[in-house]
Q: 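For reference, the structure I am asking about is given below.
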Amino acid sequence: MPQITVTLPDGGAKSLPEGARVRDLAAAIGPRLAASSIAARVDDALVDLDEILHDGARVEIVTESAAEGLSILRHSAAHVMAEAVKDLFPTATFGIGPAIEDGFYYDFGVDRPFNPEDLEAIEARMREIVASAVPFKREEVDRLTAHDRFEGQPFKRELIADLHESETISLYTQGNFTDLCRGPHVPDTSRIRAFKLTKIAGAYWRGDSTRPMLQRIYGTAWYSDKDLAAYLTRIEEAEKRDHRKLGKELDLFSFHEIAGAGLPIYHPKGARILRLLQDWLRPELYRRGYVEAITPHIYKTDVWKISGHYDFYGENMYFFQIDEGDGRVNEYAVKPMNCPGHVMIFDNDVRSYRDLPMRIFEFGTVYRHEMSGVVHGLMRARGFTQDDAHIFCAPEQVHDEIVAMLDLVDYVMHTVFGFEYSAEISTRPIGHSIGADDMWELATKSLMDACAARGLAYEINEGDGAFYGPKIDIKLRDAIGRTWQCSTIQVDFNFPERFGLTYRTAENTEAQPFMLHRTILGSMERFLGILIEHYAGAFPSWLAPVQVVVIPIADRHLDYSNDVRAKLEERGVRVEVYSDNEPMRIKIAKAQQQKVPYMLVVGDREAEGGTVGVRDRSEGDLGSRTLDEVVELVGKDDPRR
RNA sequence: GCCGGCGUAGCUCAGUUGGCAGAGCAAUCGCCUUGUAAGCGAUAGGUCGGGGGUUCGAGUCCCCCCGCCGGCUCCA
């Protein structure tokens with residue numbers, strides 16, 4: 001019998017009879033591999049276990065434990081869910097059903113929206129399909145056949161029509177459900193052991209708000225019940241960290257229906273944290289050659305007409321009319337950005353190349369009328385404060401400025417907060433953008449070179465830049481692995497052009513400066529939200545609104561407690577005394593719940609010895625300490641030390 | 001903005017087929033005088049998100065609005 005030879009990832013070769021399939025190869029290598037194999041990567045393409053191997057193929061078996069193995073499972077789970085929906089809702093039409101991070105979804109066109117009971121019924125039907133262990137069968141068809149097979153399925157037909165000429169059209173069938181699909185899939189439905197449907201949502205067909213809204217069902221799927229349980233636990237843990245919940249429990253901020261959606265009101269403890277952040281960042285910026293500005297919250301509308309925001313983003317701005325009393329009515333707008341003020345500072349004088357770079361920062365509060373469906377606690381508010389800055393510089397300075405910003409990003413995100421982060425560079429949007437080609441080229445190259453100079457890897461988001469310039473976005477990773485976009489560094493050709501900014505060069509010619517926008521924390525609100533969730537409310541001592549609480553054991557220790565408080569306050573420690581007439585353990589429970597870093601228990605022993613009994617919120621009882629030792633303890637995580 | 005769900009005391013939540021609005025915690029007042037994660041007793045606390053409608057009667061059913069939650073779209 002003729003033989004073929006395939007190469008394996010370790011460089012080894014394996015001979016197999018002609019016509020052998022991937023599953024045969026897996027079996028030939030070993031029974032354990034065969035049992036956990038899901039699909040294979042053949043010459044870089046993912047294929048089913050049924051795929052017939054050709055001579056000389058490079059083959060890598062994809063197992064359950066591989067990343068692709070999980071996404072194949074989830075994709076297959078989506079097909080099974082679609083089959084269940086087809087069984088229960090015969091008139092349903094089908095959109096797309098991909099695997100996503102941690103799960104999958106499928107979009108359906110149905111006569112009425114799904115409700116939670118439907119979800120249970122669909123899940124029950126899925127379990128039957130899984131129990132029956134039906135195989136996934138692949139077939140390849142021509143375009144016309146594919147079109148005919150999806151009678152009454154407008155979305156599928158649209159997808160087929162949009163497939164490129166050169167693409168192979170493949171269909172997968174399990175049971176009575178056939179889907180247009182590239183594959184691969186798990187061998188049969190029994191592999192989908194551990195899954196759960198999680199939520200229902202509306203979703204526009206192809207993500208286009210002008211097209212029909214379909215019903216999307218989300219689910220998650222894993223190879224074992226243990227993994228599924230771990231995932232569900234992870235979700236629960238994330239919910240416990242929800243900054244909206246903790247913000248309420250820790251008395252940091254609130255929202256009020258009468259005030260309006262998306263407008264956070266900071267209580268003293270929340271305000272304290274924000275000010276602590278600013279008071280730490282401000283000297284750091286001075287050290288790095290920034291100057292601080294304070295600019296108005298409102299401007300006459302003319303400013304926004306010049307900047308272009310009136311036309312581009314007017315719908316998201318707050319406008320109001322003021323009767324000046326002399327027959328004139330002026331229109332003003334609340335600022336959605338801090339740039340104009342900084343531009344006016346630059347433009348207030350004749351500027352020389354010697355003035356550059358000019359780095360102006362501001363903790364600037366802005367208001368944007370975000371669409372009602374998107375406001376989300378502190379993460380997406382309508383009023384928020386940016387740690388904003390604008391750098392006016394010569395073209396040849398752009399590179400060094402970006403490098404300096406990336407250094408600042410690293411200091412803040414990594415050195416101070418310990419976040420891992422990654423970078424993305426967004427390039428010129430094709431079609432709608434302003435500025436000369438060479439400017440875009442120089443700016444984009446500066447961003448890339450700066451990343452390279454700092455050894456910062458980046459991904460490219462082709463055409464995702466702003467209309468006025470390219471940008472670097474920094475995404476950080478929090479304690480439980482979620483990513484958040486905070487820092488952004490943008491090059492702007494729009495403002496200098498529209499406001500006619502110039503400076504005199506060394507050759508005494510006139511030139512237009514480059515303008516760089518940048519935020520490090522991004523929105524202070526959002527960053528606070530991220531920190532709350534990252535620390536699960538247990539702020540490090542240097543950011544804790546209350547660093548220590550003094551806990552008198554009995555009323556007779558109140559005087560000494562107040563002594564301790566006064567002495568610590570004098571040394572800059574943020575301290576409260578729990579003077580309520582309650583047993584100590586109740587005060588400790590309250591302080592623990594408030595996630596206060598240190599509790600100082602004072603009773604007869606401490607009052608006599610002039611000491612305190614220190615309890616660390618996570619370590620527990622640390623024993624007796626002097627106040628000097630407490631001050632040292634409280635300050636030891638401060639990044640400025 | 002779109003789809004779906006939700007809104008009851010400061011907080012977390014019960015409230016049956018439409019028939020007198022409840023609990024725990026917190027608060028207040030007593031008692032206890034406390035040694036490392038939740039004592040005891042009493043009192044007070046409500047336009048049931050707002051408005052309109054159906055009904056003898058609405059927290060409960062219907063409509064509109066506001067807000068919140070999960071997504072979609074958006075995030076200059």
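Only a predicted model underlies this, so the values are computations on that prediction, with no experimental measurement involved. Each chain gets a letter, A, B and so on, in the order its sequence line appears, and its residues count up from 1.
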Q: Given atom CD of A/Q215 and atom P of B/C2, what is their separation to the nearest angstrom?
A: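 Computing the A/Q215:CD to B/C2:P distance gives 15 Å.
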
Q: Base contacts versus sugar-phosphate-only contacts with protein, heavy atoms under 4.0 Å: please encode nucleotides 36-43 of chain B as B, S and - from 5' to 3'.
A: BBBB----

Q: Can you name the residues that form a side chain to side chain donor-acceptor pair (under 3.5 Å) with A/R241, not counting sequence neighbours?
A: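 Once residues adjacent in sequence are excluded, A/R241 has no partner under the side chain to side chain donor-acceptor pair (under 3.5 Å) criterion.
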
Q: Taking atom P in both B/A9 and B/G24, compute the distance separating them and give it to the nearest angstrom.
A: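 16 Å, rounded to whole Å.
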
Q: So if I apply the ring pair (Phe, Tyr, Trp, His ring centres under 6.0 Å) rule between A/F392 and each of A/F499, A/F514, A/F495, A/F346, which one comes out positive?
A: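 One option only clears the test, and that one is A/F346.
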
Q: Side chains of residues 367-375 of chain A: which donor-acceptor pairs under 3.5 Å do they make with residues two or more places apart or in other chains?
A:
residue: A/R368; atom: NE; partner: A/P336; partner atom: O; Å: 2.8
residue: A/R368; atom: NH2; partner: A/P336; partner atom: O; Å: 2.9
residue: A/E370; atom: OE1; partner: A/R380; partner atom: NH2; Å: 3.1

Q: Please list, chain by chain and in numerical order, all residues satisfying side chain to side chain contact (heavy atoms under 4.5 Å, CB included) with A/R272, sequence neighbours excluded.
A: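 With sequence neighbours excluded, A/R272 shows a side chain to side chain contact (heavy atoms under 4.5 Å, CB included) to A/L276, A/P545, A/R574, given in chain and number order.
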
Q: Output all residues satisfying salt bridge (Lys or Arg N to Asp or Glu O under 4.0 Å) with A/D555, sequence neighbours left out; order by chain, then residue number.
A: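 A/D555: no salt bridge (Lys or Arg N to Asp or Glu O under 4.0 Å) contacts found.
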
Q: Please step through ring-ring contact (aromatic ring centres under 6.0 Å, His included) for the pair A/Y299 and A/Y332, ending with a clear verdict.
A: CA-CA 6 Å; A/Y299 291 105; A/Y332 287 80; 9.3 Å; no

Q: Which protein N or O atoms sit under 3.5 Å from an N or O of nucleotides 47-52 of chain B?
A:
none

Q: Please list, chain by chain and in numerical order, all residues satisfying salt bridge (Lys or Arg N to Asp or Glu O under 4.0 Å) with A/E462, sequence neighbours excluded.
A: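 With sequence neighbours excluded, A/E462 shows a salt bridge (Lys or Arg N to Asp or Glu O under 4.0 Å) to no residue whatsoever.
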
Q: How does protein reach along nucleotides 68-76 of chain B, written 5' to 3' as B (base within reach of a heavy atom under 4.0 Å), S (only sugar-phosphate), or - (no contact)?
A: SSBBBBBBB

Q: To the nearest Å, how far apart are A/I258 CD1 and B/C65 C1'?
A: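 To the nearest whole Å, that distance equals 17 Å.
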
Q: Where each pair must be Watson-Crick or G-U wobble with both distances under 3.5 Å, what dot-bracket representation of RNA chain B is obtained, with crossing pairs in [ ] and other-strand partners as |?
A: (((((((..((((.....[..)))).(((((.......))))).....(((((..]....))))))))))))....

Q: What residues form a side chain to side chain donor-acceptor pair (under 3.5 Å) with A/K240, not counting sequence neighbours?
A: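 By the side chain to side chain donor-acceptor pair (under 3.5 Å) rule, A/K240 matches A/E237.
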
Q: Under the rule for salt bridge (Lys or Arg N to Asp or Glu O under 4.0 Å), what residues qualify as partners of A/R605, not counting sequence neighbours?
A: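 A/R605: no salt bridge (Lys or Arg N to Asp or Glu O under 4.0 Å) contacts found.
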
Q: Indicate yes or no for a side-chain donor-acceptor contact from A/E331 to the backbone of A/F319 under 3.5 Å, with no hydrogens or angles considered.
A: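 The answer is no, because no donor-acceptor pair under 3.5 Å joins these two groups.
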
Q: Looking at A/R565 and A/D563, does any basic side-chain N land under 4.0 Å from a carboxylate oxygen?
A: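 Here A/R565 does not pair with A/D563 in a salt bridge, since their nearest N and O are not under 4.0 Å apart.
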
Q: Give me, pair by pair, the N or O atoms of the protein and of nucleotides 12-16 of chain B that are less than 3.5 Å apart, along with how far apart they are.
A:
residue: B/U12; atom: OP1; partner: A/K248; partner atom: NZ; Å: 3.3

